[in-house]
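Not measured: the values here are computed from a predicted model. Both counts, for ligands and for their atoms, begin at 1 and track the order of listing.
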Amino acid sequence: MTAEQTEERPAAAAGSPRRVDVVVVGAGFAGLYALHRLRGLGLSVQVFEAGSGVGGTWFWNRYPGARCDVESIEYSYSFSPELEQEWEWSERYPSQPEILRYIDHVADRFDLRRDIQLDTRVTAATYDEAGGRWTVITDRGDEVSAQFCILATGCLSAAKRPEVAGLESFEGDWYHTGRWPHEGVDFGGRRVGVIGTGSSGIQSIPVIAEQAAHLVVFQRTPNFSLPARNRPLDPEAQAAVKASYPALRERARRSYAGIAVPAPSDSALAVDPDERRRRYEAAWEAGGLMSMTTTFADLIVDKSANDTAADFIRSKIREIVADPDVAEALTPTDHPFGTKRPCLDSGYFETFNRDNVTLVDLRRTPIVEIVPSGVRTTHAVHELDSLVFATGFDAMTGAVLRIDVRGRGGSLLREKWAAGPRTYLGLATAGFPNLFIVTGPGSPSVLSNMVVSIEQHVDWIADCISFLRAKGIGAIEATVESEDAWVDHVNELANGTLFPTANSWYVGANVPGKPRVFMPYVGGLPIYRATCDEVTADGYRGFSLTGTPDAEGPHRPA
Ligand code: FAD
Ligand code: NAP
């Protein structure tokens with residue numbers, strides 16, 4: 001690739017769109033790394049980001065207690081050994097401000113900002129078959145023509161408010177955890193309500209309880225939560241990791257979830273109850289998601305095995321929570337452990353022993369409406385000054401489908417995915433040439449350490465574009481057959497686990513009307529990565545490669 005082959009040229013005529021090689025939508029971990037990699041290939045890249053800063057998840061989710069639940073040493077880019085060595089993490093689990101500082105550092109260190117347009121939402125992307133290019137339109141009136149379009153829009157970026165009537169009448173202030181004000185919120189002396197007890201609620205509730213005069217937690221479904229046991233990182237331990245970082249990264253890449261822990265081999269049912277309890281206690285004391293989820297090999301595939309872990313966690317809730325009725329209400333019984341994303345907490349269950357905290361069990365007394373003074377349930381009006389929605393996201397498809405993406409023949413992606421997302425490898429979708437999705441549905445994405453999955457996807461996409469350019473191929477498109485086979489494979493694997501039994505956001509159950517389809521790939525990173533690599537080695541098996549470049553444009557359809 002020479003400089004002349006890239007396309008950052010002025011528009012040919014007044015009114016015609018600016019031309020670049022690649023448009024990337026989103027400037028979180030995925031969009032930033034995509035920009036860096038593609039620039040390295042000599043391509044011109046335009047990134048659009050709706051937020052007023054880079055960082056994606058870590059730009060938007062500034063709620064009290066927001067923190068990663070993958071350890072900092074592993075929740076970080078591996079592409080630059082220098083970056084790995086120079087960045088010092090301060091805690092076992094990095095807080096949102098620390099991750100945002102890291103991402104800002106990455107943006108500066110690799111001089112990324114000059115190709116990122118902030119405060120700009122992509123509203124439409126349309127494929128022009130004749131020219132073999134995407135026209136990307138934004139809410140600020142930009143129109144850019146690109147050969148490739150990469151949706152790095154995030155799996156958990158389309159924030160979702162609950163379907164509760166009356167919010168407009170509320171006289172207090174309200175917030176969504178995924179759109180938290182940058183200046184922070186002072187809950188001192190206020191009566192606060194939190195709706196939602198997923199990861200965001202469970203992280204924020206203990207911190208808000210310490211600030212507020214009174215906190216009411218509105219819980220629809222109790223969740224399994226494990227102690228984080230966060231702590232400062234010992235500099236010597238960090239130095240030891242850095243001394244052999246490549247080996248750690250390699251172990252992470254070869255692990256099921258992109259986290260360097262050994263894979264378990266025992267069944268939970270193959271050991272005697274004392275030994276089982278001993279292992280669960282050790283995992284509980286160690287803290288973190290992985291200790292408990294990797295205690296035994298069959299927790300996510302065998303209900304009886306799963307029950308042993310679920311019962312252990314339930315016993316811990318009863319031990320911690322002083323009031324037996326509150327403990328009972330906080331105890332998850334409607335889904336197997338791990339089938340909804342388990343949460344990590346710092347003092348969540350203990351918070352319900354505080355005098356200024358009330359739990360409202362919405363299964364017994366559902367919310368009727370929001371009223372000017374607070375929240376009315378079937379039992380009472382809870383008077384509130386502030387309301388926090390920790391109600392999650394339209395996950396995995398929400399951000400993609402909020403864009404009018406039109407492929408060959410003007411077909412709309414939203415319509416194509418009306419019965420659930422259909423992709424090949426979670427990377428591409430038939431009928432939409434030269435469109436890539438980073439950590440899309442059908443890939444391990446949210447079941448893994450996302451930074452590891454993001455790097456793998458971006459590397460695959462960059463290698464693919466490099467190959468197409470080198471061979472003079474204009475367009476790559478997943479075939480319908482390969483997509484159908486992949487969707488079947490993803491479903492078949494999921495159906496061999498307990499995952500689909502839960503009403504989780506993995507199946508879209510949190511969004512009324514969303515088709516119930518298990519979206520992530522459960523086969524694990526090593527098999528997935530090997531499959532992607534085989535597809536590449538096989539000349540992009542399952543894709544059709546068409547078109548040749550010409551002098552006028554990047555290619556004409558063959
Ligand atoms: P994002 O960070 O979501 O970035 C996508 C960006 O695209 C956003 O900035 C958004 O504004 C922008 N965008 C979307 N649509 C448009 C559009 N139409 N036009 C312009 N811009 C657009 N993962 C883990 O592995 N471990 C964790 O512990 C973990 N903790 C999390 C905690 C929270 C609170 C949340 C919400 C998610 C967490 N995740 C975690 C998942 C997290 O989303 C990923 O780890 C990672 O940050 C995703 O990066 P991304 O770049 O793919 O997407
Ligand atoms: P979530 O897991 O989807 O939780 C949303 C909560 O809001 C659930 O308790 C849900 O109840 C409740 N809710 C939704 N609509 C409601 C309504 N109309 N009435 C009452 N309650 C309602 O969302 P999240 O907590 O933001 O987390 C989403 C994902 O982001 C996580 O699973 C995780 O992957 C990631 N995340 C990670 C961390 C971390 O620890 N690093 C932190 C935050 C987020 P139901 O369960 O009944 O639907």
Check: every ligand 1 N/O to protein N/O pair under 3.5 Å:
| from | atom 1 | to | atom 2 | distance (Å) |
| --- | --- | --- | --- | --- |
| ligand 1 | 2 (O) | T57 | N | 2.8 |
| ligand 1 | 2 (O) | T57 | OG1 | 3.3 |
| ligand 1 | 3 (O) | T57 | OG1 | 3.4 |
| ligand 1 | 9 (O) | E49 | OE1 | 2.8 |
| ligand 1 | 9 (O) | E49 | OE2 | 2.9 |
| ligand 1 | 9 (O) | W60 | NE1 | 3.4 |
| ligand 1 | 11 (O) | E49 | OE2 | 2.7 |
| ligand 1 | 11 (O) | W60 | NE1 | 3.1 |
| ligand 1 | 18 (N) | V122 | O | 3.0 |
| ligand 1 | 19 (N) | V122 | N | 2.8 |
| ligand 1 | 21 (N) | A50 | N | 3.0 |
| ligand 1 | 25 (O) | M450 | N | 2.8 |
| ligand 1 | 28 (O) | D69 | N | 2.7 |
| ligand 1 | 28 (O) | D69 | OD1 | 2.5 |
| ligand 1 | 43 (O) | T57 | OG1 | 2.7 |
| ligand 1 | 45 (O) | Y75 | OH | 2.5 |
| ligand 1 | 47 (O) | W58 | NE1 | 3.4 |
| ligand 1 | 47 (O) | Y75 | OH | 3.1 |
| ligand 1 | 51 (O) | F29 | N | 3.1 |
| ligand 1 | 51 (O) | A30 | N | 2.9 |

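Of the charged side-chain nitrogens involved, at least one lies within less than 4.0 Å of a carboxylate oxygen, so that K160 and E163 count as a salt-bridged pair. Here R341 pairs with D69 in a salt bridge; the nearest charged N to carboxylate O distance falls below 4.0 Å. Salt-bridge formation is detected for the pair D104/R113: a Lys NZ or Arg NE/NH1/NH2 atom is positioned less than 4.0 Å from an Asp or Glu carboxylate oxygen. Between D345 and R67 there is no salt bridge, since no side-chain N of the basic residue sits under 4.0 Å from a carboxylate O of the acidic one. Under 4.0 Å is where a charged nitrogen must lie from a carboxylate oxygen, and between R249 and E74 no such pair does.
Contact check for C155 versus M450: side-chain heavy atoms found under the 4.5 Å cut-off.
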Determine, stepwise, if the pair F224 / R314 fulfils side chain to side chain contact (heavy atoms under 4.5 Å, CB included).
CA-CA 8 Å; F224 290 100; R314 292 181 190 121; 3.9 Å; yes
Let me see the working for S95 and E98 under side-chain hydrogen bond (donor to acceptor under 3.5 Å, both in side chains), right down to the final yes or no.
CA-CA 5 Å; S95 66; E98 186 165 19; 4.6 Å; no
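Every protein residue with a heavy atom nearer than 4.0 Å to ligand 2 is included here: Y63, R67, C68, D69, L156, K160, P162, E163, I195, G196, T197, G198, S199, S200, Q203, R220, T221, K340, R341, L362, A390, T391, G392, F393, W505.
Within the cation-pi definition used here (under 6.0 Å to the ring centroid, within 45° of the axis), R62 qualifies as a partner of F59.
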